[in-house]
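This report refers to the structure that appears directly beneath it.
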Number of protein chains: 2
Amino acid sequence: MSQKFNSRVYVTLRPSVLDTAGTAVESGLHQLGYQGVENVRIGKYIELSITAANKEEADQQLHAMCDQLLANPVIENYCFELIPVEE
Amino acid sequence: MSQKFNSRVYVTLRPSVLDTAGTAVESGLHQLGYQGVENVRIGKYIELSITAANKEEADQQLHAMCDQLLANPVIENYCFELIPVEE
């Protein structure tokens, strides 16, 4: 029997990597009058459904997907949640 | 007295809007052998710090920022979390 999961993947730039888009957004927000904003970092948020034999396999597959395609491990970190779908 | 909050903003395409990047990633994952993956949707994940008088003001400012700059309300939805920073 296979099980279906909804997953949310968060991909963020490593803290040591300069985030040029984040810097641009921060300066845009300051120009709009939001002076209290700082440390803007922009990442990716990926939603997907995955069908696997069990949670361990889904977890393993998702780690592999992140390493191979969803994130660039050289400059990005990732984390994800797996939520079983009630059927 | 002002208070500092860490915020996480999630910007997603509205369900009715075609997600071409998500479709491309999904087909890429299938080609890599992950056949169990579907409904891939790609959004933005934004981290920022905000200093405001209180949680209500921070909440209000963040809504305005999302409407003005961080999200495109015509095609995107957003939601966010505000976490008070202990000092």
Side-chain angles (χ1 to χ4, degrees), chain A residues 2-13 15 19 21-54 57-58 60-71 76-82 85, chain B residues 2-13 15 19 21-54 57-58 60-71 76-82 85:
Chain A
S2 66
Q3 224 187 330
K4 194 172 175 181
F5 301 87
N6 286 331
S7 176
R8 295 175 191 153
V9 183
Y10 309 92
V11 180
T12 49
L13 275 175
D19 182 357
T23 310
V25 165
E26 185 168 327
S27 113
L29 288 171
H30 289 169
Q31 280 172 36
L32 286 171
Y34 303 105
Q35 300 297 336
V37 176
E38 51 187 355
N39 306 325
V40 180
R41 306 279 293 174
I42 297 182
K44 279 177 288 183
Y45 169 61
I46 303 163
E47 291 175 333
L48 55 87
S49 308
I50 179 167
T51 307
N54 51 48
E57 199 192 292
Q60 214 173 12
Q61 285 199 10
L62 210 42
H63 269 296
M65 283 186 244
C66 287
D67 285 327
Q68 283 184 61
L69 188 81
L70 302 179
E76 290 171 330
N77 290 326
Y78 64 83
C79 61
F80 56 76
E81 298 161 17
L82 274 173
V85 178
Chain B
S2 66
Q3 223 185 329
K4 193 171 175 181
F5 300 88
N6 286 332
S7 176
R8 295 175 191 154
V9 183
Y10 309 92
V11 179
T12 49
L13 275 176
D19 181 355
T23 311
V25 165
E26 185 169 325
S27 112
L29 288 171
H30 289 170
Q31 279 171 37
L32 285 172
Y34 303 105
Q35 299 298 336
V37 176
E38 50 187 356
N39 305 325
V40 180
R41 306 280 293 173
I42 297 183
K44 279 176 287 183
Y45 170 63
I46 303 163
E47 291 175 333
L48 54 85
S49 307
I50 180 167
T51 306
N54 51 49
E57 197 192 293
Q60 214 172 13
Q61 285 199 10
L62 210 43
H63 269 297
M65 281 187 247
C66 285
D67 285 326
Q68 283 184 61
L69 189 80
L70 302 180
E76 290 171 329
N77 290 326
Y78 65 83
C79 62
F80 57 76
E81 299 161 16
L82 275 173
V85 178

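A note on names: the letters A, B, ... follow the listed sequences, proteins ahead of strands, and every chain is numbered from 1.
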Once you round to the nearest 0.5 Å, how far does CG of B/L62 lie from OH of A/Y34? 9.5 Å

Rounding to 0.5 Å, atoms CE (B/M65) and CG (A/L32) come to a distance of 9.5 Å

Rounded to the nearest 0.5 angstrom, the CG-CD distance for B/L29 and A/Q68 is 9.0 Å

Minimum heavy-atom separation for A/L69 to B/V25, with atom names? CD2-O, 3.8 Å

Any chance you could measure A/K4, atom NZ, to B/N39, atom CG, to the nearest 0.5 Å? 6.0 Å

Side chain, backbone, both or neither: which part of B/L70 has a heavy atom under 4.5 Å from chain A? side chain

One option among A/G22, A/S49, A/A52 has the most heavy-atom pairs under 4.5 Å with chain B, and it is A/S49

Working to the nearest 0.5 Å, report the span between CD of A/E26 and CG of B/L48. 8.5 Å

Proximal component of A/S2, with respect to chain B [non-hydrogen, under 4.5 Å]: neither

Check whether any side-chain heavy atom of A/Y10 sits under 4.5 Å from a side-chain heavy atom of B/R8, and report yes or no. no

Under 4.5 Å heavy-atom distance to chain A, tell me which part of B/A64 shows up: side chain, backbone, both or neither. both

What do you reckon, is CD of B/Q60 surrounded by more than 12 foreign heavy atoms closer than 6.0 Å? no

